[in-house]
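All remarks here apply to the structure that follows.
Chain naming here is simple, since letters A, B, ... match the order of the sequence lines and numbering starts at 1 in each. Hydrogens, waters and symmetry mates are skipped; everything else that's a heavy atom, side chains included, is used.
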There are 2 protein chains.
Amino acid sequence: MGYQLELRHFTYFLAVAEELHFRKAADRLFISQPGLSRQIKQMEEIIGADLFVRNNRSVSLTAAGHYLKKELAFIFNHIDFTIKHTRLINEGSNGEIRVGFLGSAIQTVIPEILINVNSTYPNIKFSLEEMSNYDQVEAIEKDQLDLGFVRLSRVPKGIQMKVIHTDTFSLVLPDNHLLTKDTFTSIKQVENEHFILFSSNYSSLYYDKIVSICEDKGFTPKVSHKSVHAQTIYKLVESGLGVAIVPTSLQHGFNLGVKFLEIPKIPQRAVLSVIWKEDNRNPALHRIMQFL
Amino acid sequence: MGYQLELRHFTYFLAVAEELHFRKAADRLFISQPGLSRQIKQMEEIIGADLFVRNNRSVSLTAAGHYLKKELAFIFNHIDFTIKHTRLINEGSNGEIRVGFLGSAIQTVIPEILINVNSTYPNIKFSLEEMSNYDQVEAIEKDQLDLGFVRLSRVPKGIQMKVIHTDTFSLVLPDNHLLTKDTFTSIKQVENEHFILFSSNYSSLYYDKIVSICEDKGFTPKVSHKSVHAQTIYKLVESGLGVAIVPTSLQHGFNLGVKFLEIPKIPQRAVLSVIWKEDNRNPALHRIMQFL
DNA sequence: CTAATTGATAACCCACAGTTATTGAATGAT
DNA sequence: ATCATTCAATAACTGTGGGTTATCAATTAG
């Protein structure tokens, strides 16, 4: 009494259940027959059920034994798979990477990376969450996130950053606006319009950069609305509430009454970077680093 | 080298994974801390994966450890059930079905099912436990439960759901309230009363539905109390602390100073569903499926 | 009858799970 | 700085119980 069931018991039971012969089962397990007999007996005592009928000349399974045999086969397979899978996760071949991103990055860069990673490591899964620059940095420091897609110039100590995409800026105008691709030569032509920008605490670098585009040309933009979603910004532009400046690549995927005119002759670029924690312990992350 | 994994390792691992503290885990297991440390280390060697990160000051799970923890919880539940079931078969019973349910389902539907099953399969036993929607889903995924009675609109992948009962809603009033069956025409008549509802994290769909009944009629209910038990809610109503809205069938089985008025002309229904795991291996469950 | 084949029992042995005592590293308090 | 505290790892030990060999008891075959 007071013993515990162990996997050993299950292994032994399965051998006997398959051989229906203690001696042969013992041989298969490379142990002696009395040892096996005792373990099986102990197992029956622990469970509190007869598993075999010993006819003193032949061995057969009881109904309970039959059921147990079937279930244990399942359990062993499940355990085997689990152990194997655990090892794989440890090696980074399987696993999950938690990704944060700015809405303005989801159109171009991220999909490409995901597709590439998926073709080489189909077992690595992603969980995506849209977050502000600042929230991403915080989440990465807290190990709530493995990877962030941000627009930042600097990043706290302990966090790595790598530029992965630079983009020109485009002016967003309502479809019926006077300016066209041909007549648009400088951003100064819209200096009297109201500007709709991404909220500065969503991405302050981004905000400042757009303001600097205007200031370089000698005027300060009148910012009337701030928003977080490109969709919202375009809707406001379409409604005639103002104009906007966004990264050129952000024109894909929308169907609204606005037109995009690339701003010529400016040095500013929308820079998208990946960030991650130096001492991140997620093995899957290291696997996919090459794709960044 | 050459060791074997045993259930002991799993038990120890789970204790450490839950406590994240070797000493506390060792205390819980009634063994010494060095013994535990060694077993865990051995386990990591056998599996060939790091399961914990020991910072010499704190213990945390690796990605592989997280995965293993989740899977082992399932495996243990499955083994426990299998052993129990083996014993039941040995005793000549046909099995046991573990049922979870919302308190609001115990009055009407479940008793009928139990009576039906019992008359055909007198040897199938039930263990009933009252649980929230969310807990039931979790328990079913972990194989802690075979069947759940919930009020949900969606359910995770791998879980089956079937509607078994739809019910109208009734207003619960203290006996001495002015409104009667004849004068009650719209829920708007009680818009100034305080409402006592089931807690939203007990059953959020249910909560939202009741709020929507009011909002459809042009007002937002003032929710003053939230509770988990119908009994409690009725008691509060009886005490004059407010009114409540519950599924009509939930009026049976109580003897309190409250009256139930079915709410006329609303589309909302209280929908009760059964849920179970697609790949549930309990043979008794498959036998009783026809009764659902 | 004897010989062969089966699982159960008895008595012994040693591997290793679990013990106590200690170290070493990191943190917090004064 | 210095000391006390808190944690896991290491070292050296001990004794339970898994496994051993030897034997028995029961059945079947020739």
Side-chain angles (χ1 to χ4, degrees), chain A residues 1-62 64-66 68-69 72 143 158 279 281, chain B residues 1-62 64-65 68-69 72 76:
Chain A
M1 257 299 116
Y3 292 72
Q4 274 288 128
L5 271 187
E6 289 296 347
L7 290 180
R8 178 185 59 254
H9 293 112
F10 297 161
T11 317
Y12 292 0
F13 168 81
L14 275 188
V16 178
E18 276 159 25
E19 300 284 349
L20 291 178
H21 197 290
F22 276 77
R23 182 88 208 271
K24 285 179 194 163
D27 285 351
R28 202 172 97 178
L29 295 164
F30 301 108
I31 63 170
S32 66
Q33 172 265 313
L36 177 59
S37 284
R38 190 139 67 83
Q39 288 295 308
I40 295 290
K41 194 181 171 190
Q42 194 188 76
M43 183 176 174
E44 288 180 315
E45 273 165 16
I46 298 172
I47 295 182
D50 302 323
L51 303 175
F52 295 104
V53 183
R54 284 88 147 174
N55 260 341
N56 221 336
R57 190 76 194 163
S58 71
V59 177
S60 62
L61 282 162
T62 62
H66 262 114
L68 191 62
K69 179 186 172 191
L72 285 185
D143 197 31
D279 57 353
R281 302 195 131 268
Chain B
M1 260 302 117
Y3 292 71
Q4 275 288 126
L5 271 186
E6 289 296 348
L7 290 180
R8 178 184 61 252
H9 293 112
F10 296 161
T11 315
Y12 291 1
F13 168 79
L14 275 188
V16 179
E18 276 161 25
E19 300 282 349
L20 290 178
H21 197 290
F22 277 77
R23 237 203 83 128
K24 285 180 193 162
D27 285 351
R28 202 171 96 179
L29 296 164
F30 301 107
I31 62 170
S32 66
Q33 173 263 313
L36 178 59
S37 284
R38 191 140 66 81
Q39 288 297 308
I40 296 290
K41 195 181 169 188
Q42 194 188 74
M43 183 176 173
E44 289 179 314
E45 274 165 15
I46 299 172
I47 295 183
D50 301 323
L51 303 175
F52 295 103
V53 183
R54 285 89 147 174
N55 257 345
N56 216 337
R57 190 75 194 164
S58 71
V59 176
S60 60
L61 283 162
T62 62
L68 190 63
K69 179 187 172 188
L72 285 185
F76 268 116

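- Residues of residues 7-26 of chain A that place a heavy atom closer than 4.0 Å to DNA chain D, in numerical order, are A:R8, A:Y12.
- Counting non-hydrogen atoms of neighbouring residues, nucleotides and ligands closer than 6.0 angstrom, the CZ atom of B:R23 reaches no more than 12 such neighbours.
- Residue contacts shown for A:E6 are absent, as no nucleic acid heavy atom lies under 4.0 Å away.
- C:dT20 atom C1' lies 14 Å from atom CD1 of B:I31, rounded to whole Å.
- With D:dT20, C:dA17, D:dT10 as the choices, the nucleotide that has an atom nearest any side-chain atom of B:P34 turns out to be D:dT10.
- The listed nucleotides are D:dT10, D:dA9, C:dC16; the one nearest the side chain of B:S37 is D:dA9.
- In this structure, A:E45 atom CD and D:dG18 atom P are separated by 12 Å, rounded to whole Å.
- If you measure from atom CZ of B:F52 to atom C1' of D:dA8, you get 13 Å, rounded to the nearest angstrom.
- Rounding to whole angstrom units, CD1 of residue B:I40 and C1' of D:dA9 are separated by 14 Å.
- Applying the ring-ring contact (aromatic ring centres under 6.0 Å, His included) test to B:F13 and every residue at least two apart in sequence or in another chain returns B:F52.
- Remark: A:E6 pairs with no residue by the side-chain hydrogen bond (donor to acceptor under 3.5 Å, both in side chains) rule, at least two apart or across chains.
- The side-chain hydrogen bond (donor to acceptor under 3.5 Å, both in side chains) check on A:S37 picks up A:Q33, with sequence neighbours excluded.
- The structure places CD of B:Q42 at 5.5 Å from OH of B:Y3, a figure rounded to the nearest 0.5 Å.
- The side chain of A:R54 has C:dG7 as its nearest neighbour among C:dG7, C:dA17, D:dG19.
- In this structure, B:D27 places its CG atom 11 Å from P of C:dT19, rounding to the nearest Å.
- Checking D:dA9, D:dG19, C:dC16 against the side-chain heavy atoms of A:S32 singles out D:dG19 as nearest.
- Between B:R38 and A:G35, the residue whose closest nucleotide on DNA chain D is further toward the 5' end is B:R38.
- Distances shorter than 4.0 Å separate none of the side-chain N or O atoms of A:K41 from OP1 or OP2 on C:dG7.
- Using a 4.0 Å heavy-atom distance criterion, B:Q39 is classed as a sugar-phosphate-only contact.
- Considering only residues two or more places apart in sequence or on other chains, B:R28 meets the salt bridge (Lys or Arg N to Asp or Glu O under 4.0 Å) condition with B:E18, B:E19.
- Residues passing the side-chain hydrogen bond (donor to acceptor under 3.5 Å, both in side chains) test with B:R38, sequence neighbours excluded: none.
- Contact annotation: B:Q42 side-chain N/O to C:dA17 OP1/OP2 distance is under 4.0 Å.
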